[in-house]
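Worth saying up front: this structure is predicted, and the values here are computed from it rather than measured. Ligands are counted one by one from 1 in listed order, and the atoms in each one are counted from 1 as well.
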Amino acid sequence: MAEQILYPAAGSKEEIYISILPQIKALVEDESDLIANLGNITAVLKEAFNHLWIGFYLVKSENELVLGPFQGSLACTRIRKGRGVCGTAWETAATQVVADVNAIPNHICCDARSRSEIVVPLVCDNKVWGVLDIDSDELGSFDNIDREYLERLCNEIISCKEYK
Ligand code: SME
């Protein structure tokens, strides 16, 4: 297993995504433990982009997400379906990009420093089983480049992998 990831630190975010995605694929390829893989993925994303908070919420019952592996400060533990940006991504099975979290009513504030957010659902066989949530302390941090590459990460690398 690689113990270090390499990426063009001074590059554009697209260049960084292009560099890290294959490395993440290689990192999780031979490991079937879900928590280990999600933990390492948050570590790689944190190192590459240094956003305020990067983590996963996992579907644990019919109507609730529970906090999974993450990098960042203390976070809300449970989120109900349809609540907040994460619960909306779950309910709609669609990526949510929020340029200004304070401008929308349906945002759950876990950290007052958060200004913008992207949440990508993890979908396999048409079923959402978790979400990837990234928070930034700057307004408008996420755009279609983040959407494209984070959806690739979730859809092609994480979502339908077999976990034991
Ligand atoms: N802001 C999220 C809650 C999770 S935290 O950001 C870590 C939401 O509205 O669902």
K.L.:
Heavy-atom count check: over 12 atoms from other residues, nucleotides or ligands less than 6.0 Å from Lys25 NZ?
P.N.:
no
K.L.:
Among all protein heavy atoms, pick the one closest to atom 5 (S) of ligand 1 and tell me residue, atom and distance.
P.N.:
Cys110 SG, 3.2 Å
K.L.:
Can you confirm, on distance only, whether ligand 1 has an N/O atom lying under 3.5 Å from any N/O atom belonging to Ala75?
P.N.:
no
K.L.:
Check whether any N or O atom of Arg83, backbone or side chain, sits under 3.5 Å from an N or O atom of ligand 1, and answer yes or no.
P.N.:
no
K.L.:
Of the options Asp135, Leu45, Asp133, which is the one that meets Ile54 in a side chain to side chain contact (heavy atoms under 4.5 Å, CB included)?
P.N.:
Leu45
K.L.:
Using the rule side chain to side chain contact (heavy atoms under 4.5 Å, CB included), only one of Ile41, Leu38, Asn40 pairs with Val28; which is it?
P.N.:
Ile41
K.L.:
Would Leu132 and Val98 show up in the same hydrophobic cluster when neighbours are defined by side-chain heavy atoms closer than 4.5 Å?
P.N.:
no
K.L.:
Considering heavy atoms of the protein only, find what lies nearest to atom 4 (C) of ligand 1 and give residue, atom and distance to 0.1 Å.
P.N.:
Asp133 OD2, 3.3 Å
K.L.:
Students should be able to answer this: which protein heavy-atom is nearest to atom 6 (O) of ligand 1, and at what distance?
P.N.:
Asp135 OD1, 3.0 Å
K.L.:
Within the structure, is a non-hydrogen atom of Phe70 found at a distance of less than 4.0 Å from ligand 1?
P.N.:
no
K.L.:
What residue and atom, counting heavy atoms only, is the protein's closest point to atom 10 (O) of ligand 1, and at what distance?
P.N.:
Cys86 N, 2.8 Å
K.L.:
Going by the side-chain hydrogen bond (donor to acceptor under 3.5 Å, both in side chains) test, name the single residue among Glu151, Glu148, Arg147 that passes it with Thr95.
P.N.:
Glu151
K.L.:
Should you measure from each heavy atom of His107, which atoms of ligand 1 turn up under 4.0 Å away?
P.N.:
1 (N), 9 (O)
K.L.:
Donor-acceptor pair, Ser159 side chain versus Leu122 backbone, under 3.5 Å?
P.N.:
no
K.L.:
Between Asn37 (side chain only) and Glu31 (backbone N and O only), is there a donor and an acceptor less than 3.5 Å apart?
P.N.:
yes
K.L.:
Above 12 or not: heavy atoms from other molecules or residues under 6.0 Å from CG of Leu74?
P.N.:
no
K.L.:
Taking only heavy atoms of Ile79, which atoms of ligand 1 are found under 4.0 Å from at least one of them?
P.N.:
3 (C), 4 (C)
K.L.:
What is the closest protein heavy atom to atom 2 (C) of ligand 1, and at what distance does it sit?
P.N.:
Glu117 OE2, 3.1 Å
K.L.:
Are Asp125 and Lys127 close enough for a salt bridge, meaning some N to O gap below 4.0 Å?
P.N.:
no
K.L.:
For atom 8 (C) of ligand 1, what's the nearest protein heavy atom and its distance?
P.N.:
Val85 N, 3.3 Å
K.L.:
Under a 4.0 angstrom heavy-atom cut-off, which atoms of ligand 1 come close to Trp53?
P.N.:
7 (C)
K.L.:
Which residue from Ile108, Val119, Val131 reaches closest to atom 1 (N) of ligand 1 through any of its heavy atoms?
P.N.:
Ile108
